[in-house]
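One structure is given here, and the rest of the page talks about it.
The structure displayed is predicted, hence computed values, not measured ones. All heavy atoms count here, side chains included; hydrogens, waters and symmetry mates do not.
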Number of protein chains: 2
Amino acid sequence: MLTSQRQTIILDLLRRDGQVVAKSVAEEFNLSEDTIRRDLREMSAQGLLKRVHGGALPLSPDLPDFSTRRTVSSEEKRSLGAYAAGMIRPGQTIFLDGGTTTAEIVRHLPRDFAFTIVTHSPTISGELEHHPTAEVILIGGRLYKHSMVATGASAIVAISLVRPDIFFLGVTAVHPAHGLSTGDFEEATIKRHIAQCSVETYVMVTEEKLDTVSPCHVVSLSAISGLIVAASVPDERLKPYRSAGAAILKT
Amino acid sequence: MLTSQRQTIILDLLRRDGQVVAKSVAEEFNLSEDTIRRDLREMSAQGLLKRVHGGALPLSPDLPDFSTRRTVSSEEKRSLGAYAAGMIRPGQTIFLDGGTTTAEIVRHLPRDFAFTIVTHSPTISGELEHHPTAEVILIGGRLYKHSMVATGASAIVAISLVRPDIFFLGVTAVHPAHGLSTGDFEEATIKRHIAQCSVETYVMVTEEKLDTVSPCHVVSLSAISGLIVAASVPDERLKPYRSAGAAILKT
DNA sequence: CCGCCTCATGCAGGAAACTGCCCGAATATG
DNA sequence: CATATTCGGGCAGTTTCCTGCATGAGGCGG
């Protein structure tokens, strides 16, 4: 591996990801961080990138939609979203919960076949405006502004009328004994109801949600079809969940 | 997550929402509030934002609305929106149609008293996320993507259950003889139904819509409470509408 | 072949940056 | 006025950065 070659690759990484982290690049090349840092320093002096603490950023701030897309989604959430979207088959009806985690699914939805998305989140439905093949069913009701989803009796009634093939549930906490929970009572009730109406229910779980509990119980682990977790999560942490009867899907 | 990256994202959030709250940003990034506060302090020192208790605000009081940008709201629409919003009284229930004209009302809604907004447009409801006093009822149904409103039988049923004090109707064409019309048949049906369920119906009309006709009839002029037009429109053009029995409200 | 030079690399140690926690003060809220 | 947040500064632990130095691999002339 030649030095200049390595620097070209670093620039590629920068273009692709919008950032480079000295530590992870060093790991990737199996070199010391010092070497990478030297590279970054040098390239910064040549005006090829902008050096920042921890790594480097491109000189041009980013593509316009890149920043909005990036705002909330971590790499982990992105991989979960892509995996979940990959589970969808032509013609299926999918219920998408509200929240940033499930919103990530929308950005990876297939565009080469037709399916139906049901959601009680105006935010989610808004993101689907320009999707070419998705039929969208919006569930109405009283809008709970904190998480921007429709709630109340009318939402429950409307949900009862659909039978989704898959429900992608979003929660704030997952625990081996206490199951899935969230912060608002009304929301928890709605989520539970959707799960009951759906053939399968999957939960996207970022690592920091594991082994935590929120005030309002949604459903137990045995009631769902599986947890979707990032491949980077160690098996050790997932063991209690397997024991509790939950299927684990790793991205 | 690099520190400098986080700060640019905070600026994005600021542009998008017009404010940032230290606590919620901290949650979003999974970092302590201290760190976010430090960021805000630092950026404030750099003159990138204005630090306030609880979070930060953009320096320029309100740059030409981020949300407005995509709709290119003219001065005319803005004045119509402000006038319509001024008609709302405390405790009333208001039905907002979809479309860019009625969206302009949202931006001028009073913030010093409570009222209820009913809408079948996820876009409209999305804009109300940060409104402090508005209770929002979302009407669900099959999403008609072209104009981003819920349609279909279930929407009709849901609409029947409310009785708004005022319906702000949006149409594409207004004509003295042919009344109000729009481009889609299903949408026209929905609009007619909402008008029937409402105590009063007002239509915001920009000048270029006058004396035009679209394919699908909504209601006749006699069925509505009044047209809202900009003060700049000459009385001469409005005469036929007065003759047809329509009340005219000038901004 | 040998000595010398250059250069990339890794390592050590001190400096700087980042982050979380804590506490007394300042600020909202009712 | 009482209470709850939020703020700012200070402290400690960790990470990242930079400088200087040693090593080792090549290149080159003698």
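A donor-acceptor contact under 3.5 angstrom links the side-chain atoms of B:D34 to the base of C:dC22. Residue side chain A:R38 reaches the base of C:dG10 through a donor-acceptor N/O pair under 3.5 Å, judged by distance alone.
Between A:E207 and A:R237 there is a salt bridge, with a side-chain nitrogen of the basic residue lying less than 4.0 Å from a carboxylate oxygen of the acidic one.
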Practice prompt. Begin from the C-alpha positions of A:Y144 and A:H120 and carry the test ring pair (Phe, Tyr, Trp, His ring centres under 6.0 Å) through to its verdict.
Written response: CA-CA 10 Å; A:Y144 176 55; A:H120 56 149; over 10 Å; no
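To the nearest 0.5 Å, atom CG of residue B:L96 and atom CD of residue B:E104 are 12.0 Å apart.
One finds a side-chain N or O of A:T35 lying less than 4.0 angstrom from the OP1 or OP2 phosphate oxygen of C:dG10. Not one side-chain nitrogen or oxygen of B:R37 sits closer than 4.0 Å to the OP1 or OP2 atom of C:dG20. Put simply, A:R41 has no side-chain N or O that comes within less than 4.0 Å of OP1 or OP2 on D:dT16. In this model, the phosphate group of D:dT16 is approached by a side-chain N or O of A:K23 to a distance below 4.0 Å at OP1 or OP2. Between A:S32 and C:dG10, a side-chain N or O to OP1/OP2 separation shorter than 4.0 Å is present. For the OP1/OP2 pair of C:dT19 and a distance below 4.0 Å, the side-chain nitrogens and oxygens of B:T3 include at least one atom meeting the criterion.
Between the CD atom of B:Q5 and the C1' atom of C:dT19 there is a distance of 17 Å, given to the nearest Å. The CG-C1' distance, from A:L40 to D:dC18, rounds to 13 Å in whole Å. The CD atom of B:E42 sits 15 Å away from the C1' atom of D:dG8 (whole-angstrom rounding). Atom CG in B:L57 sits roughly 15 Å away from atom P in D:dT6 (whole-Å rounding). In this structure, B:H53 atom NE2 and C:dA26 atom C1' are separated by 8 Å, rounded to whole Å. Rounding to whole angstrom units, CG of residue A:L31 and P of C:dA8 are separated by 13 Å. Summarising the geometry, the separation between CD on B:E27 and P on D:dT6 is reported as 11 Å, rounded to the nearest angstrom. The CZ atom of A:R51 sits 16 Å away from the P atom of C:dA16 (whole-angstrom rounding).
Ring geometry for B:F95 versus B:F167: interplanar angle over 60°, hence perpendicular rather than tilted (30 to 60°).
The environment of NZ in A:K250 is crowded: more than 12 heavy-atom neighbours from other residues, nucleotides or ligands sit within 6.0 Å.
Distance from the side chain of B:R6 is smallest for C:dT19 among the nucleotides D:dC18, C:dT19, C:dT9.
The residue B:V52 sits close only to the backbone: its heavy atoms come under 4.0 Å of sugar-phosphate atoms, none of a base.
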